[in-house]
Amino acid sequence: MQTKPGIAVSPGVAIGQAFVLGVEDFRIPQRFVAVDAVDAEILRFRTALENVCHEIAENEKQASAKLGKQFGAIFAAHQQMARDPIVQGEVEALIRDKNFSPEFALSNVLRQYAQKLQNLGDKYKADRAIDLYDLEKRTLRHLLGERREELAHLTMPVIVLAHDLTPSETATLPRKYVLGFATEIGGYTSHTAILAGALEIPAVVAVGDIVANVSGGDTVILDGIHGRVIIDPDEETIAQYRDWERRAKTVAQRRVSYRALPSETKDETRIRLLSNIEFPEEADHCRELGADGIGLYRTEFLYLESNREQTEAEHLEAYQKVVQAFPDQPVVIRTLDLGSDKVPAAMPQFYPEGANPELGLRSIRLSLTDLTRFKTQLRAILRVAVLGDVQVMFPLISSLIELRQAKSTLHDVMEDLEEEGVAFNRAIRVGMMVEVPSVPLLA
Amino acid sequence: MTAESPHSRNVSVKLENGLHLVPCSRIAELVRDFPGTVWIRREEQAVDAKSIFDLLTLQAPFGTVLTLEASGNGADHIIEGLAALFERNFELE
């Protein structure tokens, strides 16, 4: 049992099987095999290992030719690892004596060795864990072949563990199968934190090295109360956490009873509390919780959830859902705030490899370059604005010119809609994010 | 000298970075097909020279003295081969 401390960024407790998100997402499909399948599984393992060795030998040849013998030597070492009699013996013993599947057995044995190396207190040896991880991925690829399960095809609830989660990854997760998140890096404003908050599931970030120490299928406790991840917990710990889970639910229920109370200070100053949302489905829940409106609707997820462009009708449908939940209160819709860290699959041409995600063509600058898409979004926002107090907000404005261009585009769209005889709200309030340093200086 | 008695030899690590991944892999490669057993000892620890994973757990920085031990047919040859590897710094430096 191993406890890794981190930062709890979304509360709650989750107990479940780990899904380790690596560069290639291999979920170990099953941990055990039937007793009478053992011989066949051992054969399957040996075959996969043979293929792995051939593949590595090929890599060694190419690496030596292109990069020199020293580089090729690493692959020779990997070959020795693949053929290591102790490892093979241990894996086969797990399959034969404990009915582990080859994938689960291999993962267990390799991770144990990775752990041993890390415990030697020698940085060089500890770094070799990456070689083991590489070998594990390679072998799993051969073992799983066509049966490789991708993140999008989860069929049971899991706790997702990763180095970090990109917005694209989180946007495409099948939400009903994710119990919570744990990442090696990150903080309160990480994407992981925002998404977990929106989904109301626990998340713990900045856990440090964990991906190398957990096998897909391991039992994991995600403690979003104290900020911990517990790998392979013992019975006593599991019982304790189930108890906390129950207590957390009770507290949550009690909080629900506070919803209807007004948000007021002791001297009766009314404070308006508005919600931030990523998905239109959250709007109803926000209303139930007593929000005074939507302070920020981050529309990026509309773009990230799908591999193709969203039509005006699709934008409109999403915005309508939100406005219908708050017909008499403000709803602020922020236009596309995409940067290189959030690349929708439908727009690859705008993102060359290696671009610094903090600079360059992002958010409003991207919108002003890609006017067709920008106008589609603006049309939908203007049209939905007849249904309530809808306001539009532009992100990452850094100069007066940018603001004027954005507003001018908005007016162009208004003229188009006017000509087409489509209903929209000309009196829509326009705002912008004050987030770039130049802005308060210019104000 | 019967085929069963272990042969042994002391060698010292002359690699600047100690016995790291590539030298370990050269050892494992050399002894892989040897029909008998080969052990490398450092103080109380003994590792199976046919297993690169076992070899990696040896802490053997520059200057460490290790004992090579082999049993079986051809044990003396394999010890010679291994000692030569250490002597030539595994052809790395």
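Below, each value reflects all heavy atoms present in this structure, side chains not excepted, and no hydrogens, waters or symmetry copies. A, B, ... follow the sequence lines: proteins, then strands. Residue 1 opens every chain.
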A.B. asks: Let me know if Leu19(B) has heavy atoms under 4.5 Å from chain A in its side chain, its backbone, both or neither.
C.D. replies: backbone
A.B. asks: Does atom CD (Glu87(B)) have a neighbourhood of more than 12 heavy atoms from anything else shown, all under 6.0 Å?
C.D. replies: no
A.B. asks: Is Gln80(A) reaching over with its side chain to a backbone N or O of Ser51(B), donor-acceptor style, under 3.5 angstrom?
C.D. replies: no
A.B. asks: Relative to chain B, which segment of Leu117(A) carries a heavy atom at a distance below 4.5 Å: side chain, backbone, both, or neither?
C.D. replies: side chain
A.B. asks: Nearest 0.5 angstrom please: Lys50(B) NZ to Arg83(A) CZ, how far?
C.D. replies: 14.0 Å
A.B. asks: Looking at Asp48(B), Val22(B), Thr57(B), Leu56(B), which has the largest count of heavy-atom pairs under 4.5 Å with chain A?
C.D. replies: Leu56(B)
A.B. asks: Working note: Phe53(B) + Ile86(A), criterion side-chain contact (heavy atoms from CB on, under 4.5 Å); need CA distance, chi angles, decisive distance, verdict.
C.D. replies: CA-CA 8 Å; Phe53(B) 282 106; Ile86(A) 292 187; 5.8 Å; no
A.B. asks: For a quick test of reading the model, state the closest non-hydrogen atom pair linking Ala76(A) to Ser25(B) and the distance between them.
C.D. replies: C-OG, 4.2 Å
A.B. asks: Name the region of Leu55(B), side chain, backbone, both or neither, that has any atom closer than 4.5 Å to a heavy atom of chain A.
C.D. replies: neither
A.B. asks: Starting at CD1 of Ile52(B), measure out to OH of Tyr113(A) and round the result to the nearest 0.5 Å.
C.D. replies: 12.0 Å
